[in-house]
Amino acid sequence: MENKELIELGEKIKKYRQELSLSQEALAHKCDFDRTYISMLERGKRNPSYLNLLKLCKGLEIQIYELLEDKNG
């Protein structure tokens with residue numbers, strides 16, 4: 001069963017990564033993650049911890065609220 005919220009989070013991660021013209025591998029290197037972890041996040045297959053979200057946002061050069069805000073209300 002897929003989790004809608006994780007899929008939406010993954011889509012945002014991918015959007016921000018692509019805006020920086022980074023490959024999954026390059027982002028993984030910046031965040032000290034494995035490339036497969038980035039892939040799983042982007043597909044909504046992993047639920048990242050708070051600390052991993054912080055590392056991810058640092059790698060994406062954004063604030064955590066930018067990743068977590070819900071523009072749909």
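Because only heavy atoms are used, hydrogens play no part in the values below, and waters and symmetry mates are left out as well, while side chains stay in. Since we're looking at a predicted model, the values are computed, not measured.
The two atoms that bring Gly59 and Cys31 nearest to each other are CA-SG, 3.8 Å, heavy atoms only. Listed here is the closest heavy atom pair of Leu67 and Cys57: CD2-SG, 3.8 Å. Leu22 approaches Arg17 most closely through the heavy-atom pair O-NH1, 2.7 Å.
By the side chain to side chain contact (heavy atoms under 4.5 Å, CB included) test, Glu25 pairs with Ser23, Arg35, sequence neighbours left out. For the side chain to side chain contact (heavy atoms under 4.5 Å, CB included) test, residues two or more places apart in sequence or in another chain that qualify with Ile7 are Glu2, Glu11. For Lys55, the side chain to side chain contact (heavy atoms under 4.5 Å, CB included) partners two or more places apart in sequence, or in a different chain, are Asp32, Phe33, Asn52.
Looking at Pro48 and Leu56, their side chains never come closer than 4.5 Å, going by heavy atoms from C-beta outward.
One finds the CG atom of Asn47 at 7.5 Å from the CG atom of Asn3 (value rounded to the nearest 0.5 Å). Distance CD1/Ile64 to CG/Leu54: 4.5 Å, rounded to 0.5 Å. Rounded to the nearest 0.5 angstrom, Ile38 CD1 and His29 NE2 are separated by 12.5 Å. A distance of 10.5 Å separates CG in Leu20 from NZ in Lys15, rounded to the nearest 0.5 Å. Here the CG atom belonging to Leu27 is positioned 7.5 Å from the CD atom belonging to Glu42, to the nearest 0.5 angstrom. Residue Met40 holds its CE atom at 5.5 Å from CZ of Arg46, rounded to the nearest 0.5 Å.
Within a 6.0 Å radius of NZ in Lys30, other residues, nucleotides and ligands contribute more than 12 heavy atoms. The environment of Arg43 atom CZ is dense: over 12 non-hydrogen atoms of other residues, nucleotides or ligands sit within 6.0 angstrom.
Salt bridge status for Lys12 with Glu66: absent, with no side-chain N to carboxylate O gap under 4.0 Å.
Residue Tyr65 is not grouped with residue Leu41 when hydrophobic side chains (ILVMFWY) are merged at heavy-atom distances under 4.5 angstrom, including chains of intermediate members.
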